[in-house]
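This report refers to the structure that appears directly beneath it.
These numbers come from the heavy atoms of this one structure, side chains and all, not from hydrogens, waters or symmetry mates. Quick note on labels: first sequence line is chain A, next is B, and so on, each numbered from 1.
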Amino acid sequence: MKEEITRFAPSPTGHLHIGGARTALFSWLFARSKKGKFLLRFEDTDKERSKKEFEESIISSLSWLGIEPDEKPIYQSKNIKSHQKEALNLLESGKAYSCDCSPEQLSEMREKQIKNKLQPKYDGLNREKNISHKEGNVIRFKMPQSGKTIFEDQILGPITVENRELDDFIILRGDGSPTYNFSAALDDKEMKITTVIRGDDHITNTLKQINILKALEEELPQYAHLPMVLSNSGKRLSKRDGAVDITDYRKGGYLKEAIINYLVKLGWSYSDQEIFSKEELVSLFNLSAVNSSPAKFSEELINFYNNYYLNLLDIKNLYELIDTEYEVSFNIKSNDKYLDILNLVREGAKTVLDLIDQIKFFYEVPSYEEQHKELITSNIEVVKIFSENIENIDFNNQQNLENDLKSFLSSKNLKFPQLGKPLRLILSGRQNAPSISQLLFFLGEEESLKRINFFLD
RNA sequence: GUCCCCUUCGUCUAGCGGUUAGGACACCGGGUUUUCAUCUCGGCAACAGGGGUUCGAUCCCCCUAGGGGACGCCA
């Protein structure tokens with residue numbers, strides 16, 4: 001059995017986004033599950049848009065997710081010379097031809113075709129003219145004009161298209177640089193890729209690349225086209241839909257385990273199992289279980305996974321994570337019960353950011369909203385009585401504190417909410433916060449009293 | 001417009017000729033709780049439509065409709 005080699009081939013024109021990450025993940029999982037190799041190749045031949053910073057960003061996002069390529073990244077731009085040579089070889093052998101149609105001519109042709117309800121494609125004007133190649137001319141590939149191009153997609157099944165639908169696409173530009181479809185086919189061959197896994201927006205490219213490989217009499221790799229990730233509106237996911245880059249999610253307080261689990265479930269399934277560790281995925285993953293229909297990205301589901309993994313983390317590790325990855329305006333460790341505090345709010349937290357926001361009032365005096373202030377002052381009597389009896393409350397033990405609180409209330413013939421509502425607002429600045437006894441306990445007697453007294457003047 | 005791909009609850013999906021069509025998220029109730037959350041119990045909710053094939057179609061075939069994608073000297 002031949003070793004499987006897959007690759008992820010982004011163009012470094014932006015950060016790694018959700019869709020790219022999913023493609024990379026599926027390629028990586030496939031390679032790992034087959035005990036093969038996973039490679040990374042930057043398609044950086046567009047000099048205008050390719051940026052070094054994006055290469056670095058993509059590598060670091062992948063690495064953060066735990067998707068490490070098995071070899072150093074490959075740069076398509078480094079192979080330009082050999083691709084040029086191949087194009088010239090095809091020209092010489094008559095499998096490609098020189099073409100001097102100007103860009104203006106071509107766009108005019110395209111407009112006419114669209115107007116006449118035809119498929120816009122190169123009409124083959126110079127195909128048989130045998131124009132001698134000179135600088136400024138492009139080289140076009142002679143696509144077979146009859147028959148069909150067929151391949152068995154590992155996810156979608158058989159895909160067939162009439163060759164007459166395909167056009168003589170450019171393989172070498174006027175400036176002598178090779179084009180994407182040519183370079184990609186060549187690089188895949190060079191890298192001995194056995195299975196090409198990419199988004200299904202590449203299906204038409206696959207058709208072109210197959211014909212290049214055939215003209216070169218090369219063996220074809222397997223192809224697997226992943227259905228797209230759509231936005232909530234059913235359109236292709238884009239920046240306009242909010243956070244789409246992995247860096248956004250990382251900064252936004254999402255855990256990599258959650259992202260991986262969510263992404264893999266977006267299209268792949270294993271019976272009705274919802275939670276997967278990476279190790280499990282490596283042993284269970286297979287392309288044939290990938291769904292063939294596109295899936296909508298769901299904020300709710302990724303939040304569910306994030307909350308799930310947030311609560312799975314060892315609490316000390318959660319602290320370490322916050323400490324190393326996030327900017328916090330206060331010193332979490334300054335409260336010696338900080339681990340308990342973290343534990344208290346993680347249950348309902350969707351993200352790390354969310355969590356930090358929810359523990360903030362344990363460290364800083366909250367800023368009170370006007371309407372909350374009014375609510376407090378109109379109920380201040382009960383709080384005052386409570387503060388006058390605070391020496392009867394044992395702040396050293398949470399259970400005692402709760403009992404003392406209860407006996408205080410019953411001794412004064414008070415219902416819990418009478419004290420609870422204003423006191424919660426005073427202590428936390430919020431209407432929704434942990435229980436009163438927890439607030440008092442974690443804040444401590446001194447700080448609690450300080451916040452209460454602020455309203456008693 | 002042409003070609004390609006897709007179509008099960010609102011969303012992600014299970015199903016691979018005979019099921020009360022299952023799970024998860026979300027949502028809605030009940031219980032627990034001093035608020036929110038947690039926890040717990042329960043509920044709502046789907047096979048796009050039409051033809052075949054078959055004793056029997058969610059499942060196989062065809063058509064229609066709807067959605068997505070591709071049609072660059074971008075990748």
Any carboxylate oxygen within less than 4.0 angstrom of a Lys/Arg side-chain nitrogen, looking at A/Asp187 and A/Arg7? no
Is A/Arg164 salt-bridged to A/Glu162, cutoff N-O under 4.0 Å? yes
Nucleic acid contacts of residues 411-431 of chain A, taken as heavy-atom distances under 4.0 Å to RNA chain B: A/Phe416, A/Arg424, A/Gln431
Rounded distance in Å between the [atom1] positions of [N] and [M]:
| N | M | atom1 | answer |
| --- | --- | --- | --- |
| B/U19 | B/U8 | C1' | 14 Å |
| B/C3 | B/C61 | C1' | 22 Å |
| B/G29 | B/A21 | C1' | 25 Å |
| B/G68 | B/C44 | C1' | 30 Å |
| B/C16 | B/U11 | C1' | 23 Å |
| B/G66 | B/C25 | P | 35 Å |
| B/C47 | B/U58 | C1' | 5 Å |
| B/C59 | B/U54 | P | 16 Å |

Check every atom of [options] against the side chain of [X] and return the nucleotide holding the closest atom.
| X | options | answer |
| --- | --- | --- |
| A/Asp201 | B/C71, B/G69, B/C73 | B/G69 |
| A/Asp46 | B/C73, B/A75, B/U34 | B/A75 |
| A/Val161 | B/C3, B/G1, B/A75 | B/C3 |
| A/Ser292 | B/A75, B/C73, B/U7 | B/U7 |
| A/Ser435 | B/U34, B/C73, B/A70 | B/U34 |
| A/Arg236 | B/A75, B/A70, B/U2 | B/A70 |

Surrounding [atom1] of [X] (heavy atoms of other residues, nucleotides or ligands, distance under 6.0 Å), is the total greater than 12?
| X | atom1 | answer |
| --- | --- | --- |
| A/Tyr270 | OH | no |
| A/Lys265 | NZ | yes |
| A/Glu190 | CD | no |

Sugar-phosphate, base or nothing in reach of [X], heavy atoms under 4.0 Å:
| X | result |
| --- | --- |
| A/Cys101 | base |
| A/Glu165 | sugar-phosphate |
| A/Thr45 | sugar-phosphate |
| A/Gly174 | base |
| A/Pro10 | nothing |
| A/Thr160 | sugar-phosphate |

Pi-cation contact, A/Phe361 with A/Arg430 (under 6.0 Å, within 45°): no
Taking the cut-offs as 6.0 angstrom to the six-membered ring centre and 45 degrees off its axis, would you call A/Arg451 and A/Phe455 a cation-pi pair? no
Which nucleotide, if any, forms a Watson-Crick or G-U wobble pair with [N], using both distances under 3.5 Å?
| N | result |
| --- | --- |
| B/A65 | B/U7 |
| B/C36 | none |
| B/U19 | none |
| B/U2 | B/A70 |
| B/A26 | none |

Would you call the rings of [X] and [Y] parallel, tilted or perpendicular if under 30° counts as parallel and over 60° as perpendicular?
| X | Y | result |
| --- | --- | --- |
| A/Phe304 | A/Tyr308 | tilted |
| A/Phe182 | A/His83 | perpendicular |
| A/Phe169 | A/Phe141 | tilted |

Could you give the [atom1]-to-[atom2] distance, from [X] to [N], as a whole number of Å?
| X | N | atom1 | atom2 | answer |
| --- | --- | --- | --- | --- |
| A/Phe8 | B/A75 | CZ | P | 17 Å |
| A/Glu48 | B/C73 | CD | P | 16 Å |
| A/Leu230 | B/C5 | CG | C1' | 12 Å |
| A/Asn303 | B/C27 | CG | P | 11 Å |
| A/Asp354 | B/A37 | CG | P | 13 Å |
| A/Leu355 | B/A37 | CG | P | 17 Å |
| A/Phe182 | B/G72 | CZ | C1' | 18 Å |
| A/Ile58 | B/A75 | CD1 | P | 15 Å |

I'd like to know whether A/Ile436 forms a side chain to side chain contact (heavy atoms under 4.5 Å, CB included) with A/Arg424, so could you lay out the CA-CA distance, the side-chain angles of the two residues, the decisive distance to 0.1 Å, and finally the verdict. CA-CA 6 Å; A/Ile436 297 298; A/Arg424 174 172 291 106; 3.7 Å; yes
Heavy-atom pair of closest approach, residues A/Asn126 and A/Tyr97: O-CD1, 3.3 Å
List the protein contact pattern of nucleotides 8-24 of chain B with one symbol per nucleotide (5' to 3'): B for base contact, S for sugar-phosphate-only contact, - for none; contact means a heavy-atom distance under 4.0 Å. ---SSSS--------BS
Got a donor-acceptor pair under 3.5 Å from the side chain of A/Asn205 to the base of B/A75? yes
If only side-chain N and O atoms count, and only distance matters, is there a donor-acceptor pair under 3.5 Å linking A/Asn181 with A/Thr179? no
Reading RNA chain B from 5' onward, which residue's closest nucleotide shows up sooner: A/Asn181 or A/Asn116? A/Asn116
Which is more 5' along RNA chain B, the nucleotide nearest A/Ile114 or the one nearest A/His202? Just name the residue. A/Ile114
